Amino acid sequence: MSAFALVAFGLPSLVLPDIPAAAAGLVLYLGSLAVLRPRGLIDAWRYVRALHH
Amino acid sequence: MHAAWLSLALIGAASGVFALVGGRVMHIVLGSAFSGQVGRDLGHLVVYLAPWMVASVAFSVTSRSCSSSSARAS
């Protein structure tokens, strides 16, 4: 997770100003989690959704 | 265990956002008294505490799993 965050927020901060870099980093971070889909995170999300329903 | 994964994802996102725009977030949330360097330092505090948050989550998860496995054994 920390590697995802470091890369996702670090790369845009090198080329963009603060606010666009934060927004781009957030999109990259969430996008990378959605694409790579770590198994533990997917299981946790399914568990929370099952609790909710 | 499930809460740990979700917590770690949120910690990562929050650390990244606060590292870049923490000062501005603090200024918006806490007012003009926390603008400038004070707000930036406060925002960076979230980033500095991220390893502690990760360690805390890891400890919570492992201590619970250790206690449940010892309860099963006895």
Side-chain angles (χ1 to χ4, degrees), chain A, chain B residues 1-69 72:
Chain A
M1 289 293 179
S2 55
F4 285 149
L6 210 64
V7 172
F9 288 99
L11 291 179
S13 70
L14 294 175
V15 292
L16 295 172
D18 287 345
I19 295 176
L26 198 58
V27 168
L28 275 176
Y29 180 76
L30 296 175
S32 65
L33 288 181
V35 166
L36 294 171
R37 300 169 68 87
R39 187 174 173 195
L41 188 62
I42 298 302
D43 289 344
W45 185 250
R46 284 190 189 140
Y47 178 77
V48 169
R49 289 194 66 180
L51 280 179
H52 180 68
H53 293 301
Chain B
M1 190 58 139
H2 297 298
W5 270 101
L6 296 174
S7 300
L8 291 174
L10 284 175
I11 289 168
S15 299
V17 170
F18 272 87
L20 295 175
V21 292
R24 292 176 201 251
V25 172
M26 289 299 155
H27 175 66
I28 290 168
V29 172
L30 299 174
S32 59
F34 293 90
S35 61
Q37 190 61 38
V38 172
R40 262 193 302 275
D41 288 344
L42 205 53
H44 287 170
L45 204 57
V46 175
V47 181
Y48 301 149
L49 289 175
W52 171 259
M53 289 187 252
V54 170
S56 176
V57 167
F59 177 77
S60 299
V61 169
T62 54
S63 68
R64 192 182 313 162
S65 63
C66 282
S67 65
S68 64
S69 62
R72 271 188 251 126

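None of these values were measured; they are calculated from a predicted model. Letters go in sequence order (proteins before strands), and every chain restarts at 1.
Within the 4.5 angstrom heavy-atom criterion, only side-chain atoms of A:L33, from C-beta onward, approach chain B. Using a 4.5 Å cut-off between heavy atoms, A:L26 touches chain B through its side chain atoms alone.
Scanning both residues, B:W5 and A:P38, for their nearest heavy atoms gives CZ3-CB, 3.9 Å. Minimum heavy-atom separation, A:A44 to B:L6: CB-CG, 4.0 Å. Nearest approach of A:Y29 to B:L8, heavy atoms of both residues: OH-O, 3.9 Å. A pairwise comparison of heavy atoms in A:A5 and B:G12 identifies CB-O, 3.7 Å as the closest pair.
Going from atom CZ of B:R24 over to atom CD1 of A:I19 covers 4.0 Å, rounded to the nearest 0.5 Å.
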